[in-house]
There are 2 protein chains.
Amino acid sequence: MLFHFKNQFPQLNPFWDKYLEFQQRQEVAAKTILLAEGTVSQNYIFIEKGCVRAFFNNNGDDKTVQFFFENEGLTSFESFINDTPGQFTIETIEPSVVYLLPKQYVIRLMEELSSEPYFARLIMQVSAGRQTHYINEFVSFIRDKPEQRYQKLLTERPHIIQRVPQHYIASYLGVSTVHLSRIKSKLAKGKLHF
Amino acid sequence: MLFHFKNQFPQLNPFWDKYLEFQQRQEVAAKTILLAEGTVSQNYIFIEKGCVRAFFNNNGDDKTVQFFFENEGLTSFESFINDTPGQFTIETIEPSVVYLLPKQYVIRLMEELSSEPYFARLIMQVSAGRQTHYINEFVSFIRDKPEQRYQKLLTERPHIIQRVPQHYIASYLGVSTVHLSRIKSKLAKGKLHF
DNA sequence: TGAATTTGATAACATATGTTATCGTCGCCG
DNA sequence: CGGCGACGATAACATATGTTATCAAATTCA
């Protein structure tokens, strides 16, 4: 939500810079939980190195909804704005280096920004982008069969498949690990036709 | 996006009022298309009477994603902001009365507002709300089985089931009409256990 | 290094869901 | 009034996907 938007509206850059010093650098192991489902988000998280996933738990069975990599930042926007518990857990997949900016500073920063004319534009742009992202994920989930979603991942975001363990990918695609194996096996035998 | 937010930040009310006169009232028949998939949204749409659905087409087979009723307004936000074609068709389900505010006025209104401090807050609030909505839909789609989604609809939004033809509901739930019939039949026989 | 854990493939079976076809009801419109 | 199209239920069958169990390879870690 924040520092990865630097330079998008150069007029706002001084605001980001001012808060850089409040970030806390952390080196964390794989499978470290950065934010637990059902708790209120306390930090803006920026990933310098490594990768993380967002998921929610359903009867002990994880459903992964998104992956994040280097130079991406994340927060539970609504959890910040409304002080409500978020519905996702954020967990590192690889050993990672992250920067955390405590909530209080994020709030203060947004207060400062809210009287800046370009801020409204930034927010609109960012919101439109996030909306588009969620809608696209949603539509793809409804429209495409798991094979198609896997192939899309393979061609459009191969880095995910390279770096992320397969059972997380299965969970992201909405199928069991067994079925993802079947899909890969069919693909390898060239038996898939669209 | 606009008039249904009146009174949320009273400081902004004068802005909405100023644009009321540019709205066009229209009475339209059932199954009227207000916005076609793949075209750029030209109007903010406010529903005074009736109901509409948003859907996208997949091989001649509709997938409904949302229903709208009286006193709700809608636009394809990204289509407005980025001037890109939207991915949904907006179609009336019942004979309806709608108000249209042409895009140019919406843009002008947002320009005016972007220097208002409360506008940034409104945008953040609205964005958080829409994000929450899409995320909830998405999560519900992933987490719940069709029966559960149907039951949720039955208890939480019964007006939808009362007013909307069943095949649209099937498409919204992500199942075939046949399967929705099966679900209803099982429910009627009290054979569903959670 | 060696044991434990994680990861992934596969088979066999169970269940959920789609597809097609048929039928009946209802409401709208000429 | 009569026919036609929209709507919905149901059966029969086909397919997609989940579940459980087992095995093998890779990775981690004490």
Side-chain angles (χ1 to χ4, degrees), chain A residues 28-32 50-51 53 55 58-64 67 91-96 141-151 153-154 160-194, chain B residues 29-32 51 53 55 58-64 67 91-95 140-151 153-154 160-194:
Chain A
V28 296
K31 300 205 180 193
T32 301
C51 74
R53 70 189 182 110
F55 68 92
N58 193 32
N59 308 92
D61 154 43
D62 284 358
K63 302 285 189 179
T64 301
F67 300 107
E91 182 188 74
T92 54
I93 294 175
E94 305 171 355
S96 305
F141 212 90
I142 295 174
R143 163 182 280 151
D144 302 329
K145 297 191 143 292
E147 296 90 12
Q148 294 170 295
R149 281 166 53 72
Y150 181 72
Q151 282 217 313
L153 218 55
L154 213 47
I160 292 185
I161 293 184
Q162 286 154 20
R163 284 177 72 173
V164 175
Q166 188 166 312
H167 58 283
Y168 293 150
I169 294 181
S171 135
Y172 172 72
L173 294 176
V175 298
S176 64
T177 58
V178 175
H179 196 62
L180 178 52
S181 269
R182 279 197 280 247
I183 290 170
K184 286 182 67 177
S185 150
K186 278 207 304 187
L187 269 175
K189 292 176 189 153
K191 283 184 181 170
L192 279 186
H193 308 288
F194 294 108
Chain B
K31 300 203 180 195
T32 302
C51 73
R53 69 188 183 112
F55 68 92
N58 192 32
N59 310 93
D61 154 45
D62 283 359
K63 301 286 188 180
T64 300
F67 300 107
E91 184 189 73
T92 55
I93 294 176
E94 305 172 353
S140 161
F141 213 90
I142 295 175
R143 162 183 282 150
D144 303 330
K145 296 190 143 295
E147 294 91 11
Q148 293 170 294
R149 280 164 55 70
Y150 180 72
Q151 282 217 311
L153 217 55
L154 212 47
I160 292 184
I161 293 183
Q162 284 153 21
R163 286 175 71 172
V164 174
Q166 187 167 313
H167 58 285
Y168 293 149
I169 293 181
S171 134
Y172 171 72
L173 294 176
V175 298
S176 64
T177 58
V178 174
H179 195 61
L180 179 52
S181 269
R182 278 197 283 244
I183 289 170
K184 285 182 67 175
S185 152
K186 277 209 305 187
L187 268 175
K189 291 174 190 156
K191 285 185 181 168
L192 278 187
H193 309 288
F194 294 108

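Sequence lines set the chain letters: A, B, ... in the order given, protein chains first and strands last, and positions in each chain run from 1. Just the heavy atoms: all of them, side chains too, but no hydrogens, waters or symmetry mates, feed the values below.
- Rounded to whole angstrom, the span from the OH atom of A:Y150 across to the P atom of D:dA16 amounts to 19 Å.
- With distances taken from any side-chain atom of A:K31 to the nucleotides C:dT7, D:dT10, D:dT17, the minimum falls on C:dT7.
- Contact annotation: B:K184 side-chain N/O to D:dA9 OP1/OP2 distance is under 4.0 Å.
- Taken from CG in B:L154 to CD1 in B:I183, the straight-line distance is 11.5 Å, to the nearest 0.5 Å.
- We find that CD of B:Q148 is positioned 15 Å from C1' of C:dT17, with the value rounded to whole Å.
- For A:S185, counting side-chain heavy atoms from C-beta on, the closest listed nucleotide (D:dA9, C:dT10, D:dT17) is C:dT10.
- For C:dA16, neither phosphate oxygen OP1 nor OP2 lies less than 4.0 angstrom from any side-chain nitrogen or oxygen of B:K145.
- Here B:Y168 pairs with nothing under the ring pair (Phe, Tyr, Trp, His ring centres under 6.0 Å) rule; sequence neighbours left out.
- Note: B:D62 CG to B:R53 CZ = 4.5 Å, rounded to the nearest 0.5 Å.
- In terms of position along DNA chain D, the nucleotide closest to B:H179 lies nearer the 5' end than the nucleotide closest to the other residue of the pair A:L180 and B:H179.
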Problem set entry | Evaluation steps, side-chain contact (heavy atoms from CB on, under 4.5 Å), between B:Q148 and B:S140 | CA-CA 9 Å; B:Q148 293 170 294; B:S140 161; over 6 Å; no
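- Residue A:Q166 has a polar side-chain atom (N or O) positioned under 4.0 Å from OP1 or OP2 of C:dA9.
- A heavy atom closer than 4.0 Å to some atom of DNA chain C occurs in no member of residues 168-176 of chain A.
- Comparing C:dA9, C:dT7, D:dC7 against the side chain of B:P165 picks out D:dC7 as the nearest.
- Between B:H167 and the phosphate of D:dG8, there is a side-chain N or O to OP1/OP2 separation shorter than 4.0 Å.
- Between A:E91 atom CD and C:dT6 atom P there is a gap of 12 Å when expressed in whole angstrom units.
- Side-chain N or O atoms of A:S176 include one that pairs as donor or acceptor with a backbone N or O of A:H179 at under 3.5 Å.
- With D:dA9, C:dT19, C:dG8 as the candidates, the nucleotide lying closest to the side chain of B:S181 is D:dA9.
- A salt bridge does not link A:E91 to A:K31: none of the charged side-chain nitrogens sits closer than 4.0 Å to a carboxylate oxygen.
- In this structure, A:L187 atom CG and C:dT10 atom C1' are separated by 17 Å, rounded to whole Å.
- Taking OH of B:Y172 as the start and CZ of B:R149 as the end, the distance is 6.0 Å to the nearest 0.5 Å.
- Rounding to whole angstrom units, CZ of residue A:R163 and P of D:dT27 are separated by 16 Å.
- Following rounding to the nearest Å, B:D61 (CG) and C:dT17 (P) show an atom-to-atom distance of 17 Å.
- Comparing C:dT19, D:dG8, D:dA21 by their closest approach to the side chain of B:V178 singles out C:dT19.
- Closest contact between the side chain of B:P146 and the listed nucleotides C:dT17, D:dA9, C:dT10 involves C:dT17.
- Look at CZ on B:R182: it is 8 Å from P on C:dG18, rounded to the nearest Å.
- Atom P of nucleotide C:dT7 and atom CD1 of A:I93 are separated by 10 Å, given to the nearest angstrom.
- A:Q166 and A:S181 make their closest contact through NE2-OG, 3.6 Å (heavy atoms, listed as atom of the first residue, atom of the second, distance).
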